[in-house]
*Asks:* 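Mind looking over this structure? Questions follow.
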Amino acid sequence: MRKSVFGLIILCSVILGITSCQKELSYEAPVLPSQRDSLTGNWKFLSLDVKSAVTISTPGIPFAPTTDVITDFISKNNLGTLKIDSFNLDLTDLSYSIDTIAKINTYFAGTLLSSEQEDVVYDSSPYTTVSEYRLIGTDSIYFPNADFINLPDNLLFVSQPISGMKYKFEGGKLNFRTSVDINQTDSSSGINLNFKARIQLLATFEKQ
């Protein structure tokens, strides 16, 4: 596995956005039996599609530049299965790789200082979990234990597992989708780094 240092920082901020999604879900609409029946069965993992725009700044440091990072990717070498029954999502050996380019613009006082591109290359380790779920209304799914599609902790500044997503059937495919605006500060590197991000995630599975 090869990773550039700045590419890893970029990927961390992307995954941070993915794993900090907190959806506002309605608890009022009833769940029809046909909805759960459509979900249950065996699914093959096809891809993660992520679109990310992250602004990195250093609060408390006067006259410091800010950096905007645009990182879009569709995962490759996707492996893993998802078994859904009436109560749980059983995700087994999910793994994938990322090979993309991040666009990096650095600003000082609103003026562009530099514009660069950075390789982001990553190979995930297989991930397995069993997640309890509840259907909310006609298109939302809630994870009481916030343990679905968690990513390796060593890639995260702060780990905040996912707790809810939208789902949609398209042909023989099942899409889980979420988006989030995030504003969070991390100081594990010894410097306060503030991340303001807009993240969109689409996880796709195919009926087996």
Side-chain angles (χ1 to χ4, degrees), residues 11 14-53 70-100 122-152 155 159-182 197-208:
L11 183 59
V14 170
I15 297 176
L16 172 62
I18 294 172
T19 57
S20 63
C21 300
Q22 302 294 326
K23 301 297 291 180
E24 295 181 1
L25 303 177
S26 169
Y27 288 81
E28 297 178 358
V31 175
L32 300 176
S34 59
Q35 293 175 242
R36 195 177 301 274
D37 291 343
S38 297
L39 278 171
T40 56
N42 296 311
W43 302 84
K44 177 183 177 181
F45 173 57
L46 291 185
S47 67
L48 286 175
D49 185 342
V50 173
K51 294 178 171 51
S52 168
I70 307 297
T71 311
D72 298 342
F73 67 82
I74 298 177
S75 61
K76 302 178 180 179
N77 303 318
N78 304 291
L79 296 172
T81 59
L82 176 64
K83 181 180 179 180
I84 305 177
D85 60 26
S86 297
F87 306 100
N88 297 306
L89 279 74
D90 187 349
L91 190 62
T92 301
D93 292 335
L94 182 143
S95 66
Y96 57 90
S97 62
I98 297 170
D99 187 357
T100 190
Y122 170 70
D123 297 308
S124 75
S125 299
Y127 174 73
T128 296
T129 187
V130 178
S131 305
E132 179 187 354
Y133 76 93
R134 299 173 190 167
L135 298 183
I136 309 299
T138 60
D139 64 354
S140 297
I141 187 166
Y142 168 61
F143 309 108
N145 298 317
D147 55 359
F148 183 57
I149 312 188
N150 295 342
L151 300 176
L155 289 179
S159 180
Q160 293 183 332
I162 191 168
S163 62
M165 305 183 83
K166 298 285 188 179
Y167 69 92
K168 184 178 181 180
F169 300 102
E170 293 184 343
K173 297 179 181 179
L174 171 60
N175 293 325
F176 293 100
R177 185 187 304 271
T178 191
S179 62
V180 67
D181 291 300
I182 186 170
R198 174 67 174 175
I199 310 293
Q200 295 178 318
L201 165 70
L202 173 65
T204 300
F205 295 82
E206 184 177 48
K207 191 78 171 183
Q208 290 188 302

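Keep in mind that what you see is a predicted model, and the values were worked out from it rather than measured.
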*Asks:* Can you check side chain to side chain contact (heavy atoms under 4.5 Å, CB included) on Val50 and Ile98, steps first, answer last?
*Replies:* CA-CA 10 Å; Val50 173; Ile98 297 170; over 6 Å; no
*Asks:* Nearest 0.5 Å, please: how far is CD1 in Ile141 from CD1 in Ile84?
*Replies:* 6.5 Å
*Asks:* So how far is it from Leu46 CG to Ile74 CD1, rounded to the nearest 0.5 Å?
*Replies:* 11.5 Å
*Asks:* The test is side chain to side chain contact (heavy atoms under 4.5 Å, CB included); show your working for Met165 and Leu201 and say whether it passes.
*Replies:* CA-CA 10 Å; Met165 305 183 83; Leu201 165 70; 3.9 Å; yes
*Asks:* Residues two or more places apart in sequence or in another chain: which of them pass side-chain hydrogen bond (donor to acceptor under 3.5 Å, both in side chains) with Lys51?
*Replies:* Asp49
*Asks:* Just verifying a value: how many Å separate Lys166 NZ and Leu202 CG, rounded to the nearest 0.5 Å?
*Replies:* 14.5 Å
*Asks:* What's the shortest heavy-atom distance between Gly164 and Thr178, and which atoms?
*Replies:* O-OG1, 4.0 Å
*Asks:* I need the Leu48 CG to Ser97 OG distance, nearest 0.5 Å.
*Replies:* 11.0 Å
*Asks:* Within the distance-only criterion (no hydrogens, no angle test), does the side chain of Thr129 pair as donor or acceptor with the backbone N or O of Leu91 below 3.5 angstrom?
*Replies:* no
*Asks:* Could you pull out all residues at least two apart from Phe45 that satisfy ring-ring contact (aromatic ring centres under 6.0 Å, His included)?
*Replies:* Phe205
*Asks:* Indicate the atoms forming the closest heavy-atom contact of Ser124 with Ser95, along with that distance.
*Replies:* OG-CA, 3.2 Å
*Asks:* Who pairs with Ser75 by side-chain hydrogen bond (donor to acceptor under 3.5 Å, both in side chains), at least two apart in sequence or on another chain?
*Replies:* Asn78
*Asks:* Phe148 and ring pair (Phe, Tyr, Trp, His ring centres under 6.0 Å): which single residue from Phe176, Tyr133, Tyr142, Tyr167 fits?
*Replies:* Phe176
*Asks:* Calculate, to the nearest 0.5 Å, the distance between atoms NZ and NZ belonging to Lys173 and Lys168 respectively.
*Replies:* 13.0 Å
*Asks:* Please enumerate all residues that pass side-chain hydrogen bond (donor to acceptor under 3.5 Å, both in side chains) together with Asn88, with sequence neighbours excluded.
*Replies:* none
*Asks:* Count the heavy atoms belonging to other residues, nucleotides or ligands that lie under 6.0 Å from CZ of Phe87, then report whether that count exceeds 12.
*Replies:* no
*Asks:* What residue among Asn175, Asp139, Leu39 forms side-chain contact (heavy atoms from CB on, under 4.5 Å) with Phe169?
*Replies:* Leu39
*Asks:* Counting N and O atoms only, with roles assigned by atom type, does the side chain of Asp72 sit under 3.5 Å from a partner on the main chain of Ser52, one being a donor and the other an acceptor?
*Replies:* yes
*Asks:* Which pair of non-hydrogen atoms, one from Ser131 and one from Phe143, has the smallest distance, and what is that distance?
*Replies:* CB-CD2, 4.5 Å
*Asks:* Among all residues two or more places apart in sequence or in another chain, which pass the side-chain hydrogen bond (donor to acceptor under 3.5 Å, both in side chains) test with Asp85?
*Replies:* none
*Asks:* Does anything in residues 197-208 pair up under salt bridge (Lys or Arg N to Asp or Glu O under 4.0 Å), and if so which pairs, sequence neighbours excluded?
*Replies:* Asp181-Arg198
*Asks:* Any donor and acceptor pair, going by atom type alone, linking the side chain of Thr128 with main-chain N or O of Asp93 inside 3.5 Å?
*Replies:* yes
*Asks:* Just by distance, no angles: are the side chains of Lys44 and Thr81 close enough, under 3.5 Å, to form a donor-acceptor pair?
*Replies:* no
